[in-house]
Amino acid sequence: MSTDTPLPMLGGLSAAEFLRDHWQRKPLLIRGAFPDFQCPLAPDELAGLACEENIEARLVEERGPKGPWQVSHGPFSDATFARLPERDWTLLVQAVDHYVPEVAALLEHFTFLPRWRLDDVMISYAPPGGSVGPHVDQYDVFLLQGQGTRRWQLGGQVSDEAPILAGIDLRILERFEVEADQDWVLEPGDMLYLPPAWAHHGVSQSDDCLTLSVGFRAPSADEAITSYADYLGEQLPASRRYADAGMAPPADPAELDDAAVARMRQLILDTLDDPAQLAQWFGRVMTQPKYADQLVPTETPTEAEELVTALQEGEQLVRSPGSRFAWRALDETRATLFADGDGVVCALPLARTLASDAPLNAALLAFPEAPALLAALRDAGSLAWTDEFEE
Ligand code: SIN
Ligand code: CO
């Protein structure tokens, strides 16, 4: 599909137009983005997920037993839900795309964005009045109304210094003023795109309000610098260090002079400014799984020969839910395949296939390096056999 094709889910904008005018720049309300949308899961199924171990879930109560805007973390139990009032609370469950294949399938509509920018699909349930308060996120998010209705109000872009309410676990804005014409009630299938740092307030208007948040992450400069420095640090030889051969005698031995600062700056810039190294780090960091403990490594190493036989007999491998793949060309024939925070060099078409949604079957055996690579990905937990996945 061309990037100029008008997309109903973007309100008739093409991907190119959306990216040019809205992405990271300004909100977009899309009525009927998903016509006749059927929410892939019901409120009680969401509550069921929130009761499971290892699933990240939060409950926000505007008037909780322990005070206003009380936040509690899952796993919850039936007793939690039984004690809740009839209104003014919200249940939020992260990464529902990892647990519900029909939710993961929604992501097929978002291929106009790099997959490695995706964070997860969070789903919230709220009875009437339920909200998490007016706030800003540092995420791009598509808020898709799944069931029931939610009123969304926007308050424009907010600076990092905007005051937030003290003494609670949420970052609720002290001041929130709804901008003119930025107040809508969303029905199932309607969607609101919000760029980062845009003040928003979504309040449930019905007793069955389910909202899906397709969130996209971008590392902060703080995280990027720290992480890149750690990555480089592991590879730099001890001999690479501040050097001042040939320097002039210091005017004052206690002075940190300009020449010294310039030498240090150059050491740091030269070390950091290596595009090939940076790409290797970037691919690793952007494919790090959201929940590393959800990847289940094999107990015994997979034998490449057995893997080949299984594929030849018609078995298929699948990407584990929550696994992240990306690739980057090294030259015309070779690429680095990034998988769940690791990188491995292989044939470019093999890397592309593994990082796509294509089936992982015997056709892969056309690549001589496939058996060893697939076995390693299997052992790391990034891939699984179809039947293991269904268990
Ligand atoms: C919600 O679904 O209740 C909150 C989503 C958000 O504001 O980010
Ligand atoms: Co938000």
Side-chain angles (χ1 to χ4, degrees), residues 24 26-30 33 37 39-43 45-47 49-50 56-62 64 69-74 84 87-97 100 103 106 118-158 160 162 164-165 168-174 176 178-179 182-218 290:
Q24 299 239 298
K26 61 177 191 212
L28 178 66
L29 171 70
I30 309 144
F37 186 70
C39 194
L41 109 168
E45 291 172 307
L46 191 73
L49 288 178
E56 189 183 346
R58 283 167 299 156
L59 181 64
V60 175
E61 293 169 79
E62 191 163 343
W69 296 112
Q70 185 184 322
V71 182
S72 343
H73 297 267
L84 287 169
R87 51 175 300 133
D88 303 338
W89 54 269
T90 298
L91 172 71
L92 306 130
V93 182
Q94 296 295 145
V96 182
D97 53 314
V100 183
V103 173
L106 278 173
L118 177 76
D119 185 36
D120 70 346
V121 183
M122 179 190 83
I123 304 190
S124 69
Y125 164 77
S131 91
V132 295
H135 66 282
V136 290
D137 300 306
Q138 291 306 326
Y139 274 11
D140 295 86
V141 66
F142 293 85
L143 297 154
L144 168 60
Q145 192 57 27
Q147 197 177 314
T149 49
R150 182 182 288 273
R151 179 180 186 184
W152 282 107
Q153 296 177 306
L154 307 188
Q157 244 169 334
V158 170
D160 284 353
I164 55 166
L165 292 185
I168 55 170
D169 277 347
L170 290 172
R171 296 181 54 83
I172 297 182
L173 292 166
E174 242 176 52
F176 177 74
V178 185
E179 294 203 324
Q182 304 275 290
D183 186 342
W184 312 280
V185 173
L186 270 68
E187 308 268 344
D190 291 347
M191 188 164 75
L192 176 61
Y193 162 71
L194 286 184
W198 211 280
H200 56 287
H201 187 28
V203 185
S204 166
Q205 307 287 298
S206 64
D207 58 12
D208 58 350
C209 176
L210 285 168
T211 305
L212 292 79
S213 294
V214 183
F216 289 82
R217 61 185 181 153
K290 188 171 173 78

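We count ligands from 1, going down the list as the structure has it; atoms in each ligand are counted the same way. None of these values were measured; they are calculated from a predicted model. One-based numbering along the sequence shown.
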Between Gly148 and Pro188 the two heavy atoms that sit nearest each other are O-CD, 3.3 Å

I want to know if ligand 1 touches [X] in the polar sense, i.e. an N/O pair below 3.5 angstrom.
X: Thr211; answer: no
X: Ser124; answer: yes
X: Thr90; answer: no

Distance-only, no hydrogens or angles: does the [X] side chain make a donor-acceptor pair with backbone N or O of [Y] under 3.5 Å?
X: Arg150; Y: Gly202; value: yes
X: Asp97; Y: Val121; value: yes
X: Glu187; Y: Gly189; value: no
X: Thr149; Y: Val185; value: no
X: Gln153; Y: Arg151; value: no
X: Tyr193; Y: Gln24; value: yes
X: Ser213; Y: Leu143; value: no
X: Ser204; Y: Pro127; value: yes

Name the orientation class of the two ring planes belonging to Phe176 and His201 (parallel below 30°, tilted from 30 to 60°, perpendicular beyond 60°).
perpendicular

Should the ring pair Trp152 and His200 be called parallel, tilted or perpendicular, given that the plane angle runs from 0 to 90° and is split at 30 and 60?
tilted

With a 4.0 Å cut-off on heavy atoms, is Trp152 touching ligand 1?
yes

Would you say His201 touches ligand 1, if touching means a heavy atom closer than 4.0 Å?
no

Under a 4.0 angstrom heavy-atom cut-off, which atoms of ligand 1 come close to [X]?
X: His200; result: 6 (C), 7 (O), 8 (O)
X: Asp137; result: 8 (O)
X: His135; result: 6 (C), 7 (O), 8 (O)

Around atom 4 (C) of ligand 1, find the nearest protein heavy atom and jot down its residue, atom name and distance.
Val132 CG2, 4.0 Å

Considering only heavy atoms, does Val141 approach ligand 1 within less than 4.0 Å through its side chain, its backbone, both, or neither?
neither

Distance filter under 2.8 Å, centred on the Co ion (ligand 2) - protein N, O or S atoms that pass it
His135 NE2, Asp137 OD2, His200 NE2

